[in-house]
Structures are given as structure tokens and as C-alpha cells.
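Take a look at the structure set out below.
We count ligands from 1, going down the list as the structure has it; atoms in each ligand are counted the same way. Every value quoted in this text rests on a predicted model; they were computed, and no experiment measured them.
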Amino acid sequence: MSGHLRTNDMPSHITPSTPLTKTMPDRMAKSLMTAPSPLKIFGAAKKRIRDIFADIAAYVEESKDFVKDINDDRIMDGVGKSSISKYSGKVSGIRDVLARDLMKVVFFGRTSNGKSTVINSMLRSKLLPSGIGHTTHCFVQVEGTDSTEGFMLLEGSEERRPVASLKELASALSAVKLEQNALIRICWPKNKCGILKDDVVLVDSPGIDVDPDLDSWIDKFCLDADVFVLVANAESTLMQTEKNFFLKVSDKLSKPTVFILNNRWDASASEPETMEMVRSQHLERNKKFLCQQLKVVSEKEAEDRIFFVSAKEALHQRLTESGVATAPLGAVLEGYQSRLFEFANFERTFEECISRSAVKTKFAQHACKGKQMACELKDIMDSLLDRCYSIREELRKTKTLSGERLKQLERQLADIGLDIEDSIQKITDDVQLKVSRALSDELRRLHILVNEFERPFHPDPVFMNLYKKELHVHVESGLGKNVQARCSSSLDELVNITEQRMAERLLTMLPDGRHEAVSKQLASKPAFTVEYRLDARNLCADFKEDIDFKFSFSPSNLISKYIGRQVPFTAFWNQSAFQPRIPTTIPPTVEAQMDSPPPPNVFANGDLAVTLMRLAPAVSSTGTLFCISVAGLMSRYVGWKVLTVVGGIYGSLYVYERLLWSNRAKERAFKSQYVNYASSKLQLIVDMTSANASHQVQQELSGTYARLRHEVEQAKAELKTDIEEMKKDMKRFDESASKAKTLRNKAGWLENELKDFIGRYIDYA
Ligand code: GDP
């Protein structure tokens, strides 16, 4: 160290009672007094790194909480989460070690070289027993405690023993024999000793010449040591055992920090003429040992590791300064103040070294590990952030597409809906027209259908009832079949094609999976057929046939024919007041009613027939009487002969017609009456039937459209729900990204803190 003072710089007129700093040149004294202790660097570094690791621990907890709430494997899966949790254990392990980290210095040397005296000098207290017969035969560690009273702990025991008993226990002459590598811990109040306040631990060892188990010593006490002090006896040269020990240490630890204190330098004062020569000799040998044999420092650095001191004088001086009564030192030897100053210089250099070395050995590894953790956590958060961004971007794109798709669906549905409703209306109108025409045609051809009915006919009333029922069924099914044959194939095809087109247009609006499912459902739907319900049985149930024999030239027939086909003579016969009545037999067809003029008003004709009609009821209530009356009246004008001939012909015609009035003729008459009756009745339901068919078509098409529309509406609703979900997901991803970004930045900040720590404390050291 360039600032270190060498013994030759010091004047030799100083007495043991003079405070050291007062006897030094002002510049040097001021420097030693005001310069902060290098040990503070360790304390500051320790506090800083502990604070950083506390931040890292909080960061890890925050990260754990954050990833715990992430339920999306695309962002972070279980493996990622557990990898973050693992940092928790690592950080708490490091924090525990950091809490225990102290600067450790171990003193080695042969018995009675003054190790205990050196430690006592540094502690400014006669804490460790020293002197011939009180040489330490086990390891004694002195560390600071916050307690006001010091105490002692034996290895493996928590029992606090009085420090005074140390003399007894640690002494080689003690009755209680401790193992050579046993450890006694002395916990000494920090406020009594500055060096302990700064987390320094001093370890005294048994003499290295006392049959040492060097390997176990090193393993047990040296691996975590920051500085080794070889306390040598300036009155002799370094022994091989001392060298061997450090060579072994150097094997196990790379470049240990070793100081050589050539103690008992006061003894050289008795021979001042050889002092410089002896000093040079020691210096050369010590340097050779450090540089060439141990290879821990360069030649130049070695000079700062070798000191010539008198621990005994230093202890005495310090105890005197602090007012502790102590045995007189005896005569003040030449170079006293120089040796005191060299001891102080050793302490200062040692403090710098131990602080630097401890910062390096204790914190470098932790700082690097912490930096690596911060870097890894930063990478984790970075990739998490990237995934959040990319998934959010995908979501945004999908949401935009879904929004456009939704608008398109709404537009399409509105357009297609109007089209379809229009075409359904057209088709239903068309169907109504077609069915109406077909039915009307069939009614015009009803006589063919009725004539095709070929059941045996018999006028017996019981037989007739059965015959009529079967005829109703025949007409009903025949008409149905015929209308169906004329309309169904074209209508059904029309409906099916319309449905297909409807489906083609609407199914394209469904998502692929749904599209196929609905297509299958539509395909499995039974083919549509229009049903025609004519219900001839009920419509024609009131039909009353008139198949009694009627002579064509009977007066009533003739009158009927004369005054109107539909007005029977009996009408006049039976109605005393001559009121018109609704005919009981063959009603005119609707067409006939429409086409033919209204029935003549019998009371409007003022001719002979009217006269006869008026006369007839007056003459007799029977037709025969009426005929005789007419014959008598006629005979006056044409003579009886003519009348007889006419009567004969008339009778023959009657007989002839009567003979022709067979069952066959009756059947023909029946069917003819039935055709007229049924035609007129069924004509009434043409509109109803065609409207019914059109209604069926309309129902079918509307049903299919409604179903398809429902599917599209459902697809729309699903799309809306998806969009809402996507909005929520995007919000979630935004929050996650924001949190991940914060954590990434925090990790970066922690990494920088550790870089700064390394730059300030480790690289500097
Ligand atoms: P240790 O066995 O290495 O711990 O040695 P001690 O510290 O117990 O010292 C052994 C003896 O050497 C004691 O009587 C000390 O007073 C004496 N001693 C220690 N340091 C010095 C010194 O610098 N000069 C002289 N003259 N005696 C010393």
C-alpha cells in the first residue's frame, strides 16, 4: 500500500505513555484519526447486499403471486410457475447466509509467538490468556455480541459461561482437556471493542508446532476465513511447520490473504547494530515465502503484507491509553514508537484487506447469483410479456374479424330475410292458384270418377246407405289422389328446391362445424308433401237421391219442363199458397247456377199453363181426376177418337218408359244426381282446400326458414359472446402484460443494483 508508513519514518524519542497519534507527524496522525475504518466497507456492502436480496425476495413473492393468478398455459404453464417458486428457496438460503456473514481472521504460528497477545492488542483488552504456561491449546473465536456482558460458549453447547473461565479451559495446563480442534466461542460486547462492532471475528489457534492435524484444522476453521495472520517470532526464522500449514491452506483456497507479523521485534532493539540487517533478512525470506512459495501476492504487494511489531508493547500502550491498570513494561526500548505505529499500520492494512477480501469472498458469489437470478427472472418476465403481447395481438385481430363477420351476418341476414320472405309469399300464392285450378278441373271431371265406382247398385234404402258411404270414400280418395297427382310432384319439388336454396344461402352464414350439423339435420328431414283434405263424406252426407219412376210425359213433368227444369209439378200440387220452395232433388251445380238464368217465376206467366195450374187444385186433389178433367175438356175440341188414339199412344209410352226404368237406369240417375250434388258442394271448398295447401307450403317454408334463421341468430349470438369474451381476455392480457412489464423492469432494476454493487464493492476490491 503506497500510503503505508514504514518503521523508518518514525522518530525514536517517543515514550510508552505518550498517545500514539500525538507522537506521529500531523499529516499521518490526522490521516489515521479521520479516515473511516475500512471495515465499514464490509458493513456497508453487507447492508447493501442484504437490502438488495430483501428486494429480490419481495420481488420473487410478487412474481409468484402474479403467475399464480395466470390460468393460461399459453402465457405460463405449471413448469414456469414452479421455476419461479424455486427462486424463493434460493433467495431465502442466500439471505440466511448473508445474515450470518462475518469477516473472519485466523491467527496461526508456533506456540508462544504471541498470537493471543496480538489478538488482545487488536481488541484493546486482555481477553485471551497469554504467557508461558497459558498458551492456548484449542481454537478460540472472539466475536461481537449485542449483550452488555460477555460470555463464552463451548462447542455443541448453548450454555453461557463466564469469560473468566476461559483462562482455565483454554490453557494447555487446564484440568479440563479439550480437543485440539475444539472451538470455544467468546461473545464480547460490541460496544467494548470497535473491531467487533464491524462484524470481525478473530480466531486464535493452538501452536502450529503442537502436533497439529492440519487438514482437519483447515477444513474446520480456514475454508471461510478471509484473512490469515502468521504470527512469527522475529527472534527466529520461519519454521517449516509454519510454511507447510500455509502451503496446505493455499492448496485448498485460491490465493488466500496472508499477513506475516514478525512479532517480538522489540527484542531486536537490544542489538540496534544488527537490527536493519535482521529486518532485511526476515523481509527477504518472508517475501520469498509469500511470492514464490505461496504465490499469493506480487513482490511489490508482499511488502504491504509483512510487518515488524511488538504485540506486547502495543497491548501495553493501548491498555494504558484506555486507563486499564497493567504491569509496567519495563525499560522503553529503541524504536518503541515505530513498532507501535507499525502495529497500527498493520491493523489498518489488515482492515482494508479483510474488508476487501471478505466483501469479495462473502458477497461476490451471492451478488453474481443474485444478478443471474434477476437476469433469469427478467428473461422470464420478458418472454411472458412477449407472449401476452402476441396473444393479445392475435386476439385483437380475431376480434376485429369477428366484429366484421358479425356486421356482415347482420347485413346478409336482413337482405336474405327480405328475399326469402318475398319468395315464400310468391310460392304460396302460386300454390294456391295451382291447387285451385287442379281441383276445379277435377270437379269438372267428377262424373268420370263417380262412374268409375262400380259397386252393385240396389235401390233398397239399407243398401243405398252403404252404397253412398262407399261412394263418398271413393270420391274423397279419388279426388285427393288426382289432385295430388296433378300438383304434388311439381309443388313438392318447388318447395324442396326453395328450401335447398334457402339453406344454401343461410348455411354459408354458419361456422363450419355448425354448417355440417345443420346440413345433416336438413337432409334427414322427411321430404315435404302437400296433403289435400277434401272430406267428401261430410260434405255429401246430406245427399238425397230421387230415383222414383217419373213418366216423361206426365203432366207434372211437362209443366216442369215448360216452366222450368227445376220446379216439379208437385210443388204446385202441394203448396196451397203457391209459394216457391227449395227443391229437394238435384241441386244445380255452382257453375250451372252461375251460368243459367234464375228460375222462372211461375206466377209471372199469365198463359194457359197458369190457368191450368190454378184450375188443377180447384178440381181435385189427385192427378187422375185432373187428367180426366183435362181429357173431358179436350174431347170437346178434338173428339173422343183422337183422344183415345192419343191416350193409347200416351199409355204405350208410359208402359215403355216404365219397363226401361231398371236398376241400371236408377244407378245412372243416382250417379248423375250425385255428381251434381257433390260438384256443387265440393266447389264450395276449392278455395279452402287450395288455401290449405298453400298454407301447408307456407308453413313448411317458413318453418325451415325460421329454423335456419334461428341457427344464424344463434351463430350471431355466439359470435357476440365470443367478441365479449375476447374483449375480457384482451383486458386480462393487458393487465398481465402491464404487470409483467413492471416486473421485468423491476428485475432489470435489481440486476442494475447488483451490477452497481459488484462495481462498487467487488470489482473495486
Ligand atoms: P501464543 O501462545 O502464541 O498465544 O503466545 P502468547 O500470546 O501467549 O505469548 C507468549 C508470551 O510471549 C507471553 O509471555 C507474552 O507476554 C510474550 N510476548 C508476546 N508478544 C511479545 C512481544 O512482542 N515481545 C515480547 N518481548 N514478548 C511477547
Salt bridge or not for Glu155 and Lys220, using N-O below 4.0 Å? yes
Quiz item: Is there a heavy atom in Ala311 that sits closer than 4.0 Å to ligand 1?
Solution: yes
Practice problem: Report yes if Pro129 has an N/O atom closer than 3.5 Å to an N/O atom of ligand 1; otherwise report no. | Solution: no
Next on the checklist: One thing to verify: whether Arg339 and Glu342 come together as a salt bridge, which I'm taking to mean a side-chain N less than 4.0 angstrom from a carboxylate O.
Outcome noted: no
For Asp266, the ligand 1 atoms with a heavy-atom partner under 4.0 Å come out as 22 (C), 23 (O), 24 (N), 25 (C), 26 (N)
Please check if the distance between the ring centroids of Tyr87 and Tyr59 is under 6.0 Å. no
**Prompt:** Does a donor on one side chain and an acceptor on the other come within less than 3.5 Å for Arg110 and Ser236?
**Reply:** yes
Worksheet item: Is it true that Arg100 and Asp96 make a salt bridge, defined as a side-chain N closer than 4.0 Å to a carboxylate O?
Response: no
**OP:** Would you tell me whether Glu301 and Ser298 have side-chain atoms, one donor and one acceptor, within less than 3.5 Å of each other?
**Re:** yes
Next item on the list: Answer yes or no: does an N/O atom from Ser310 fall short of 3.5 Å to an N/O atom of ligand 1?
Entry: yes
Does any donor atom in the side chain of Lys192 or Ser125 lie under 3.5 Å from an acceptor atom in the other side chain?
-> no
A student comparing Arg339, Lys312, Arg264, Glu313 should find that the heavy atom closest to atom 17 (C) of ligand 1 comes from Arg264
Note: ligand 1 atoms sitting under 4.0 Å from heavy atoms of Ser116 are 4 (O), 7 (O)
Test your reading of the structure: does Lys115 have an N or O sitting under 3.5 Å from an N or O of ligand 1? yes
Ala267 heavy atom under 4.0 Å from ligand 1
no
So for Thr117 against ligand 1, with non-hydrogen atoms under 4.0 Å, the contacting part is both
May I ask whether Arg110 has any heavy atom positioned less than 4.0 angstrom from an atom of ligand 1? yes
